[in-house]
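To start, the structure under review is shown below, and the notes come after it.
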Amino acid sequence: MNESIEPQRAGQRGWRRLLDRIERVGDALPDPVFIFIGCIAVLMVGSVIASALGWSAVNPVTGQHLQAESLLSRENLAKLFVDMPETMTKFPPLGLVLVVMLGAAVAERSGLFGALLGDAIRKLPKTILSPAIFVIGVMSHHAADAAYVVLIPMAALIYAEAGRHPLAGIAIAYAGISGAFAGNMLPGQFDVLILGITAPAAQLIDPNFVMNPLGNWWFTLAIGTLFTPIAWWVTDRVVEPRLGPWTREDTAAAAPDLALDEIGEAQKKGLRRAGVAALVVIGLFAALTLWPGAPLVDHEAVGPKRMTPFYQSLIAAFMLLFLTTGWAYGSATGTVKSHRDIVTMMAEGMRAMAPYLVLAFFAAHFVAMFAWSKMGPVMAVQGAEALRELGLPKPLLLLSLLIMSSFLDLLIGSASAKWSAMAPIVVPMLMLLGVSPEMTTAAYRMGDSIFNIVTPLASNFPLVLILAQKWRPRFGVGSMVALMLPYTIGFAIAGMVLVLTWVGLGLPVGPGAPSGYVTPAAAQTIP
C-alpha cells in the first residue's frame, strides 16, 4: 500500500513544483495595462525599422500598395496626441460593452441573475445533477462574476445534500463557468466584446466588413452541447470516485453554517414579472424585424446581409432585456423601490467597469497605432504568402492558433486583452488564406478556454479555492489543479477535434457567418 501512496505523493509534489514555477512566472509579468504599454513601445521601434527598410506589400483585396510607416513621423505623432480622446472613444468594443453592461448591472444588482441560478439548481432531478449543473454553468456566462459567488457554493451544497461529494459539485460548476467559457447556448455580452475586437482587425483587409454579434453562435452552441456529456462522464467516473464517499455527517462537520434557502414568494413573483418583461422585449424586436417594412432589415441587400441591421441591434436588445427584466424583478422583491435605484445600479455597474476602461485606453491606442503603422496588413499579406507556400491546410492553421491562445492563457488571464493584441495580425492573415474572421475568433476562443480552470493566474481561481476550503480546509492549489485537470484534458481534445471538423467541413460559424472567406477581389472573378 505504501508503494502506491508514495508515487502518488511524489506526483503531487511534482505538480506543486510545476504550479509554483508557473505562478512565479505569472507574478513576474506586469499588469496587462503595462503589457500594452510595452507592446506600444515595441511597435514604435518596429515601425521605425520597417519604414527605414521600405517594408511593403500589396493588398490583394483593394490592390492598394501598403507601405510601413514610422510612428515617430510628424503626421503620426500629431495624430497620437491630437486624436487621443477620439482614439479612445472610437475603440470598437468600448461602446458595445458599456451599453450592454448598463442593463446587465441592473439585472445583477437587483438579484435577478442570482435568483435565476438559484431557482434552476434547486429544481434539478438528482439523476441528472451533473449535466444540469454544467449546463447552468455554461448559461451563467451572461451573469458574469455572479455565477462564481452564487452557482459554485450552491452546487457544492446541493451535492452534499444529495450524499455526493461537494468538491465534485464545485468542480463541475467551475468547469461549466470557466472551462467551457468558449461555449454558450445563447449569445451574450462576451460575444459582443470579442467579435467587436475582431471587426477592426478584419477591416484592415476588408474595410466593408461588419461585425455580426451572432457570428459564433452555432460554434458556441456546439461547444456547450459537446462538452456536457464529457463533463458528466469526467465528474461521475473520474473526479468523484477519486474524492471518495461523502455523508451528511461530513456536511455538518465541514460546513455547519451553510444552508440552501428556499426562494420566497417575492422572488417567485419577481421571476414571473421578469419573464413577462423578457417576452415584451423579444416581441418588440421580433416586430421590428418581421413587420412589413421593418426597420431592422436591409431591404436593398440580398441573402444573409439583409439581417445586418438586426445583428447590429442586438447590442441594444441585450441592454434592454437585462434592464427591463432586472427592473421587473427588483420591483417585486424590493431591491428596486424607485427609478433612482435603477440609476444607482447603472452607476455602480459603470464603476465596476473602471479597470476595463483603463485597459481599453491603452488597448485602443495599440490597435489604432498598429493600423497607422500599416504593419498589420503588411505582416498579414506577407505571412499569408509564406503560409500559402507551405501548403498547410486550414484546419492545421486554426489548430495552431488554438494551441497558441491556450498556452498564452497560462500567463495572461484576460481573453479580451490577448485578443486585442493578436487579432490585428491573425485575423487579416487568415482572411487572406480563406478563413473567415468569425472562424478565426471561434478557434481563438476555444483555445482561450482550455487552461482557465487549472491556472492559478485566472482571476477567479483564488475564489474557487477558498470555496473548496470550506469543505476541505487543507485543500491547496495543487489539489485544485488535480481536481480540474481531467476536465482540461477532455475539453482540449474535444475542442481541437471540433475546430478541425468545423473548418474541414466548412460549416457556418453562426447565422450569416461562414467558416470560409472569399476576398471581394477574388469573388469578382468568379463567373
Side-chain angles (χ1 to χ4, degrees), residues 97-124 133 136-158 173 176-177 184 186 188-190 192 257-285 315-357 459-460 463-464 466-467 470:
V97 172
L98 293 182
V99 168
V100 172
M101 285 306 298
L102 282 173
V106 175
E108 181 177 0
R109 285 163 175 77
S110 67
L112 173 62
F113 283 154
L116 285 172
L117 292 173
D119 187 53
I121 201 169
R122 288 180 181 90
K123 296 177 180 178
L124 294 179
I133 288 180
I136 294 173
V138 172
M139 292 293 293
S140 70
H141 296 161
H142 300 303
D145 290 341
Y148 290 92
V149 298
V150 175
L151 177 60
I152 291 180
M154 213 173 267
L157 184 57
I158 204 167
I177 297 170
N184 214 328
L186 296 171
Q189 50 197 328
F190 186 72
V192 174
D257 57 327
L258 295 180
L260 192 63
D261 297 328
E262 294 292 331
I263 289 182
E265 287 302 318
Q267 286 75 24
K268 293 179 181 178
K269 181 179 179 182
L271 290 173
R272 288 193 294 269
R273 285 191 183 180
V276 172
L279 290 176
V280 170
V281 173
I282 293 171
L284 170 65
F285 278 84
I315 290 92
F318 287 136
M319 189 275 286
L320 289 175
L321 180 66
F322 291 145
L323 173 63
T324 56
T325 54
W327 195 336
Y329 177 85
S331 65
T333 60
T335 55
V336 176
K337 297 182 175 60
S338 73
H339 68 280
R340 301 182 190 278
D341 293 328
I342 297 297
V343 176
T344 299
M345 290 176 181
M346 287 182 170
E348 290 174 351
M350 291 300 101
R351 278 196 290 271
M353 293 299 294
Y356 173 76
L357 293 176
S459 59
N460 285 292
L463 170 63
V464 180
I466 292 171
L467 294 173
K470 289 184 178 181

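For this chain, numbers begin at 1 and follow the sequence in order.
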Student check: side-chain heavy atoms of [X] and [Y] closer than 4.5 Å:
X      : Y      : result
Leu467 : Lys470 : yes
Glu265 : Lys269 : no
Leu98  : Met350 : yes
Leu271 : Leu112 : yes
Glu348 : Thr344 : yes

Atom of [X], atom of [Y] and distance for their closest heavy-atom approach:
X      : Y      : value
Tyr329 : Gln267 : OH-CG, 3.3 Å
Ala266 : Ala332 : CB-O, 4.0 Å
Ala328 : Ala277 : CB-CB, 4.0 Å
Ile342 : Val336 : CD1-CG1, 3.7 Å
Ala155 : Ala173 : CB-CB, 3.9 Å

Per-pair distances, 0.1 Å, donor-acceptor, side chain in residues 316-326, under 3.5 Å, sequence neighbours excluded:
unit_1 : atom_1 : unit_2 : atom_2 : d
Thr324 : OG1    : Leu320 : O      : 2.7
Thr324 : OG1    : Leu321 : O      : 3.4
Thr325 : OG1    : Leu321 : O      : 2.6
Thr325 : OG1    : Phe322 : O      : 3.3

